[in-house]
Amino acid sequence: MMAFSLELTEEQRDLRGWVHGFAADVVRPAAAEWDEREETPWPVIQEAAKIGLYGFESLADLFGDPSGLSLQIANEELFWGDAGIGMALFGTSLAVAGIFSAGTPDQLAEWVPQCFGDEEDPKVAAFCVSEPDAGSDVSAMRTRATYDEARDEWKLSGQKAWITNGGIANVHVVVASVDPALGSRGQAAFIVPPGTPGLEGAKKIKKLGLRASHTADVFLDDVRVPGHCLLGGKERLDARLARAREGGKAGSGGRGQAAMATFEVSRPTVGAQALGIARAAYEYALDYAGSREAFGRPIIENQSIAFALADLRTEIEAVRLLIWQASWMARNDKAFDAGQGSMSKLRAGELAVSATEKAVQVLGGAGYSREHPVERMYRDAKIYTIFEGTSEIQRLVIARAISGRQIR
Ligand SMILES: Cc1cc2nc3c(=O)[nH]c(=O)nc-3n(C[C@H](O)[C@H](O)[C@H](O)COP(=O)(O)OP(=O)(O)OC[C@H]3O[C@@H](n4cnc5c(N)ncnc54)[C@H](O)[C@@H]3O)c2cc1C
């Protein structure tokens, strides 16, 4: 077990400087353009692949840090640069996290490199869980996976909704129901390899924010994948289903389920992204408040402005500690006994929204215009109270963990 220290190691400090440099020099200058174009910023992804920031080796290094902090440090800095481009770069890692949490070492070795491609021809990956009628309630999933024993093939049929990189991904990781009677305990995750017939992405959805990141529905029409595309393998799935059947009625939530296991791991990371947006907005507002004058003095000399910035900085420091705590716990196999992963995502998401709103207010009319980045940050931030579990769902997870009751 790695002892917790708030003094970053030399590697962690170097990592922070490296990602910050990329965020400041490459991501920020490109942010407004890709937000307006509403297209996947392939040149930026390629640039990140070239310096080794986008790719399975760098992600393995981030995951490998025994303190759990490196992944969060990198996410905070990248999303400080821009959240839309950040998500275009990090959307792939959600699919990779899905493979990590459910796959065998052989499956990791086969599929993770294909999620990223290489620097000449970078690729992206998608993690497909949500459906038109199953968002917060993952147990209502209708996409079915049926096994064709004679051919050792799985057949996937259904529709996925709101999928980051849906349809443009090289590798789609699809969560489907094998035994609907078991609710979310009857679900499993499958790899859909590149070019598999029957999988089709719909048109990119036009969104409030994160506009550089591709979001689309995905249709699965009799998609057939080889037996080895079931993450974790059939033996493990059969044993898990047998245990669930013995355990009785269908439930939702809990460990060992394809989608939930991934979300538990990824929540502090999503929190770190939200923190990056909050910090960017705070820094911009602090700077502006020091130079903008009204009534003959810099506006920061008014307590109402200075105190708001003081509160924001306090929240930023507190939220970072929550994220680092949850991340350290997850990396060191400490159970989230009070929903600490959800706590970190909840507070960070809410902070991103309040900090960007406050930054727009501090800038006044300038904050409302596209001449300044806080307008974009304000639009981008809102997704952090919605995806990866809404704020209400995070409260549900925390409330259930602390009470031991089935709060609804
Ligand atoms: C930009 C974007 C990217 C996304 N990327 C992905 C992706 O890559 N993969 C993927 O699988 N999904 C993705 N999603 C989907 C996202 O995870 C869902 O939108 C989210 O889980 C909420 O589901 P929903 O939209 O169906 O809302 P609903 O579940 O319909 O919820 C609507 C409202 O009801 C509230 N609510 C629901 N149940 C309860 C309850 N029990 N108690 C209190 N309040 C409740 C919710 O909090 C919310 O406010 C993405 C979404 C967006 C917008």
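Just follow the structure's listing: the first ligand is 1, and inside any ligand the first atom is 1. For clarity, every value in this text was computed on a predicted model and none was experimentally measured. Just the heavy atoms: all of them, side chains too, but no hydrogens, waters or symmetry mates, feed the values below.
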Distance-only N or O hit between ligand 1 and [X], under 3.5 Å:
X: W162; result: yes
X: V129; result: yes
X: R408; result: no
X: T164; result: yes
X: K207; result: no
X: D137; result: no
X: I383; result: no

Correct closest heavy-atom pair for L210 and G84 would be CD2-N, 3.7 Å
Between A352 and A278, the two heavy atoms sitting closest are CA-CB, 4.0 Å
| Under 3.5 Å, is there a donor-acceptor pair between the S391 and E350 side chains? | yes
**Prompt:** How about D65 and S67: does a side-chain donor come under 3.5 Å of a side-chain acceptor?
**Reply:** yes
Of A169, A140, G135, A399, the one whose closest heavy atom lies nearest atom 21 (O) of ligand 1 is G135
Of V218, I393, T390, the one whose closest heavy atom lies nearest atom 48 (C) of ligand 1 is T390
Does atom [atom1] of [X] have more than 12 heavy-atom neighbours, drawn from other residues, nucleotides or ligands, at distances under 6.0 Å?
X: Q303; atom1: CD; value: no
X: W162; atom1: CH2; value: no
X: R37; atom1: CZ; value: yes

Here the atoms of ligand 1 under 4.0 Å from any heavy atom belonging to I386 are 20 (C)
Can you list the atoms of ligand 1 that are under 4.0 Å from a heavy atom of E388?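 Listed by number with element: 17 (O).
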Which of R379, R211, R376, R28 passes salt bridge (Lys or Arg N to Asp or Glu O under 4.0 Å) with D82? It is R376
